[in-house]
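Just so you know, these numbers come straight off a predicted model, no measurement behind them. All ligand and atom numbering here is 1-based and tracks the order in the structure.
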Amino acid sequence: MNNRELFLQHVAQTSSAPIGLEITKAKGIHLWDSSEKKYVDLISGFSVCNIGHSHPAVVKAVQEQAAEYMHLIVYGEFVESPQVQYAKLLTDHLPASLNCVYFTNSGAEATEGAMKLAKRITGRSKMIAFHNAYHGSTQGALSVMGGEYWRNAFRPLLPDILHFNYDDDVVIESIDSSVACVILETVQAESGITVPRKEWLQAIRKKCDEHCVLLIFDEIQAGFGRTGTLWAFEQFDVVPDVLLLGKALGGGMPLGAFIADKKLMSTLTYDPVLGHITTFGGHPVSCAAGKAAFEVLLTEGKLSTIKEKEKILQEQLNHTAIVEKRSHGLWMSLQFQDNTMNQKIVHRCVQNGLITDWFLFAPDRLRIAPPLIITHEELDTVCEMIHKSICEVCDVRS
Ligand code: PLP
């Protein structure tokens with residue numbers, strides 16, 4: 001059996017139609033498969049590789065840390081310099097109230113930790129979440145996920161979860177002193193990129209303050225410059241009580257985090273002691289890689305150019321088959337008439353050397369989220385290639 005056959009046989013599958021390419025090398029914005037065919041990565045590993053693949057500074061940090069030490073002991077016992085230094089760097093770039101970092105293994109585990117924190121602090125269990133939200137696949141995170149189809153097979157899940165429409169004022173009245181937390185993505189990803197109204201987020205913040213409800217922002221996909229600012233919440237003049245990070249946080253290594261004020265976070269240290277524990281969370285190699293990647297993002301990420309790059313996508317991606325374009329920063333969705341047409345375009349893009357995909361709650365939308373380091377010229381070429389792929393599928397010249 002070749003590797004692809006072994007993959008289908010022995011590696012647990014999440015769908016009946018995986019992309020199934022065997023990638024042998026990844027560098028910058030490019031991937032190469034086993035036949036040495038080159039692809040432009042338009043997904044960035046789902047917003048992981050914001051500074052591109054295998055940046056030399058990240059590779060060096062991984063190699064050096066692995067040579068010093070890897071896992072030593074469960075999270076929170078020893079002083080591990082990569083964790084400490086990364087927590088300091090992150091909190092230096094966050095508002096003063098987000099000053100204490102709990103490192104986890106993944107985004108889902110960050111969601112779980114934040115949900116537990118909200119219960120522990122408020123003594124309440126009711127949580128407010130939103131339709132079309134994705135916060136992870138573990139059972140707590142799944143409980144606040146916004147799609148009945150995805151949740152139903154795994155019931156019973158957590159009780160007392162209320163789901164509302166995103167960016168709809170109806171939710172405001174329901175935030176009262178029976179609620180532990182409101183959890184939302186600052187910009188919703190898997191609905192095909194939905195940017196909420198500033199007034200909506202501000203009204204939620206106000207109601208949460210009035211009733212001592214924790215406001216949790218999930219920026220696992222939206223963070224680290226994807227929307228044009230380091231953190232998406234900066235654009236709404238709202239600061240959450242808890243910030244969830246993941247994906248680009250580890251610079252390509254597995255890492256998640258929930259970040260809050262030290263006073264809130266200390267509730268996890270008593271009654272019960274060890275309120276949230278993990279063996280590998282904040283792994284020193286992941287933290288060293290994440291810190292190196294974050295430093296590269298700050299120095300070479302050119303976040304000020306993201307809006308110009310968004311404009312290139314908005315202006316150059318035109319075709320009569322595109323029903324709607326939505327974007328926020330270097331993060332775009334193109335809607336087509338139905339899922340089938342979109343699937344064909346995704347496949348054609350792959351054939352033409354572009355890795356792209358659809359959205360979980362919007363399978364009729366094409367995902368465009370290249371590494372942030374992509375140049376203007378590379379974007380011009382990408383737009384031509386996407387246009388060509390759309391023309392080949394839709395058989396329409398425009
Ligand atoms: N939250 C958001 C917005 C995500 O996009 C994801 C993953 O796609 C998660 C949470 C879960 O992260 P992980 O897959 O690392 O558990």
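- At a heavy-atom cutoff of 4.0 Å, ligand 1 is contacted by the side chain of Glu185 but not by its backbone.
- For Phe224 and Trp231, the distance between ring centers is under 6.0 angstrom.
- Salt bridge Arg197/Asp167: present, at least one basic N to carboxylate O contact under 4.0 Å.
- Residue Ser106 approaches ligand 1 through these ligand atoms, each under 4.0 Å from one of its heavy atoms: 15 (O), 16 (O).
- Aromatic ring centroids of Phe280 and His71 lie under 6.0 Å apart.
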Distance-only donor-acceptor pairs under 3.5 Å for side chains of residues 282-298, two or more places apart:
unit_1	atom_1	unit_2	atom_2	d
His283	ND1	Val285	N	3.1
Ser286	OG	Pro254	O	2.9
Lys291	NZ	Glu295	OE2	3.1

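- At a heavy-atom distance under 4.0 Å, atoms from both the backbone and the side chain of Tyr134 approach ligand 1.
- For atom 16 (O) of ligand 1, the closest non-hydrogen atom on the protein side is Ala108 N, 2.8 Å.
- Counting atoms of ligand 1 from 1 in the listed order, those under 4.0 Å from a heavy atom of Lys247 are 4 (C), 5 (O), 6 (C), 7 (C), 8 (O).
- Looking at Lys309, its side chain does come within 3.5 Å of a backbone N or O of Leu372 through a donor-acceptor pair.
- Counted by atom type alone, Asp41 and His53 present one or more donor-acceptor pairs between their side chains at under 3.5 Å.
- Side chains of Asp160 and Ser125: a donor-acceptor N/O pair is present below 3.5 angstrom, by distance only.
- Looking at Asp218 next to ligand 1, an N or O pair under 3.5 Å apart turns up.
- The shortest N or O to N or O distance between Ala189 and ligand 1 is not under 3.5 Å.
- Between Gly107 and ligand 1, at least one N/O pair is under 3.5 Å apart.
- The proximity of Glu190 to ligand 1, defined as any non-hydrogen pair under 4.0 Å, does not occur for either the backbone or the side chain.
- Lys126 and Ser178 form a side-chain donor-acceptor contact under 3.5 Å, judged by distance and modelled atom types alone.
- Checking atom 14 (O) of ligand 1 against the protein gives no heavy-atom contact under 4.0 Å.
- Ranking the protein heavy atoms by distance from atom 5 (O) of ligand 1 puts Gln221 NE2, 2.7 Å first.
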